[in-house]
Amino acid sequence: MKERDFIMHVNHRPPITIVRGQGSELWDDTGRRYLDMVQGWAVNGLGHAPEVVHRVLCEQSRQLLTASPAFNTEVQRKAARAVADATRMDRVFFATSGAEANEGAIKLARKYGALHRDGAYEIITLRNGFHGRTLTTMAASGKAGWQRLFPPQPEGFVHAEPNDFATVVAAVNERTVAVLLELVQGEAGVVPLSNGFVQEVARLCRERGLLLMIDEIQTGSGRTGSFVASERYGIAPDVVTLGKGLGAGIAVSALVSTERVSCFEPGEQGGTFAGAALACAVVSEVVSILSDPEFLRQVSERGDYLKRRLQGLGLGDARGLGLLLALQVEGDAELVAQRALEKGLLLNAPNKQTLRFMPALNIAFEEIDEAVSLLERAL
Ligand SMILES: *Cc1c(COP(=O)(O)O)cnc(C)c1O
């Protein structure tokens with residue numbers, strides 16, 4: 001008899017049950033091994049069950065789990081400094097999910113608009129962009145079909161076309177306060193914005209006094225070979241959001257801004273677990289590893305190698321930055337992902353033609369080779 005399922009059915013899951021992970025490997029309840037190119041959805045930058053996170057969790061859980069956001073803690077100060085240094089920004093608000101960090105960014109922009117821009121509140125986002133699954137971040141996202149879900153939808157977002165600067169210019173009016181975008185549109189299928197487009201948007205923001213807000217939830221925390229992808233594009237945003245890889249597997253996110261834009265007053269932003277000691281202890285340690293130039297150089301090296309190997313399959317274009325990569329396939333990418341799973345390789349297909357690769361940032365070259373040969377067999 002089939003076991004009763006108590007979990008809400010919110011996505012299609014393959015019929016395997018994961019019990020354990022180590023580095024780039026996962027095992028299911030039958031003892032079968034998988035090579036993991038999903039890594040918690042670009043979350044486990046240091047792979048599964050990294051020793052450093054285990055150690056910090058043990059040490060910090062003996063000291064203090066949380067003191068409530070109403071009190072100062074040394075661990076939160078230290079984590080905020082680490083994130084501010086790594087992003088070259090000034091102020092940090094810790095939250096628990098990416099959507100919550102983006103929701104905070106949207107609130108911050110509206111507050112800034114109320115204070116400095118005559119009540120401007122509109123935020124320009126991009127078609128196919130993804131910013132989260134709260135009502136407001138769904139409205140900010142440009143995912144096809146989402147505008148019809150769960151009405152009524154929060155207002156205040158205007159969608160422009162990625163890599164089409166004229167549509168951004170056309171979207172600006174006296175109500176506009178900010179532009180919010182991903183530099184590589186992850187959920188859209190790993191679509192990098194062109195450098196020229198990003199430079200033009202950055203210049204427009206400067207000239208018109210708009211806030212430049214970059215959603216680095218997927219591209220940040222070392223994923224593209226620099227701590228934030230903004231660095232690779234040579235831009236200096238006013239607001240950055242981090243999540244996914246920030247805690248190397250622990251649920252934590254951050255809203256980061258410059259001093260000038262940090263305009264919340266007490267009572268306007270918060271959360272019970274905001275800046276909790278356990279998560280902050282992990283963030284300090286993880287960010288110091290993920291922002292190390294030698295570590296980041298190795299991410300780029302591994303990214304280049306994987307991209308070359310994927311390109312070498314002769315199927316189609318491999319695209320992306322660092323270790324956020326995609327391969328365009330002919331035929332059904334979802335079917336390929338399913339076949340790959342049967343061969344022992346975990347892959348994600350963000351759409352019908354695309355396979356996405358978001359492995360551990362410290363994946364071994366031999367593991368990349370193994371993944372590519374498993375993929376070849378699946379194809
Ligand atoms: C995953 C993701 C989010 C949402 O993060 P959650 O932790 O799922 O709320 C937002 N923006 C981008 C670019 C993401 O990849």
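Residues take their numbers from the sequence shown, with the count starting at 1. Order of appearance sets the numbers: ligands from 1, and atoms from 1 within every ligand. Note that the coordinates shown come from a computational prediction; the quantities given were computed from them, not determined experimentally.
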Exercise. How long is the gap from CG on Leu242 to OG on Ser221, to the nearest 0.5 Å?
Worked result: 5.0 Å
Seminar exercise, completed: Distance filter under 4.0 Å, heavy atoms only, around ligand 1 gives Ser97, Gly98, Ala99, Asn102, Phe130, His131, Gly132, Glu182, Asp215, Ile217, Gln218, Lys244
All N/O donor-acceptor pairs, side-chain side in residues 319-332, below 3.5 Å, sequence neighbours left out:
{"residue": "Arg319", "atom": "NE", "partner": "Gly189", "partner atom": "O", "Å": "3.3"}
{"residue": "Arg319", "atom": "NE", "partner": "Val190", "partner atom": "O", "Å": "2.8"}
{"residue": "Arg319", "atom": "NH1", "partner": "Gln328", "partner atom": "OE1", "Å": "2.6"}
{"residue": "Arg319", "atom": "NH2", "partner": "Gly189", "partner atom": "O", "Å": "2.7"}
{"residue": "Arg319", "atom": "NH2", "partner": "Gln328", "partner atom": "OE1", "Å": "3.2"}
{"residue": "Asp332", "atom": "OD1", "partner": "Glu334", "partner atom": "N", "Å": "3.0"}
{"residue": "Asp332", "atom": "OD1", "partner": "Leu335", "partner atom": "N", "Å": "3.3"}

Problem set entry | Pair listing, salt bridge (charged side-chain N to carboxylate O under 4.0 Å, His left out) test, anchored in residues 218-238, at least two apart | Arg88-Glu231, Asp238-Arg260
For this session: Please collect all side chain to side chain donor-acceptor pair (under 3.5 Å) contacts where either partner lies in residues 280-301, sequence neighbours excluded, each pair once.
Result: Arg55-Glu285, Glu294-Arg297, Glu294-Gln298, Arg297-Glu301, Gln298-Arg302
Problem set entry | Over 12 non-hydrogen atoms of neighbours within 6.0 angstrom of CD in Gln63 | no
For this session: Could you label the plane-to-plane angle of the His12 and His9 rings as parallel, tilted or perpendicular, counting under 30° as parallel and over 60° as perpendicular?
Result: perpendicular
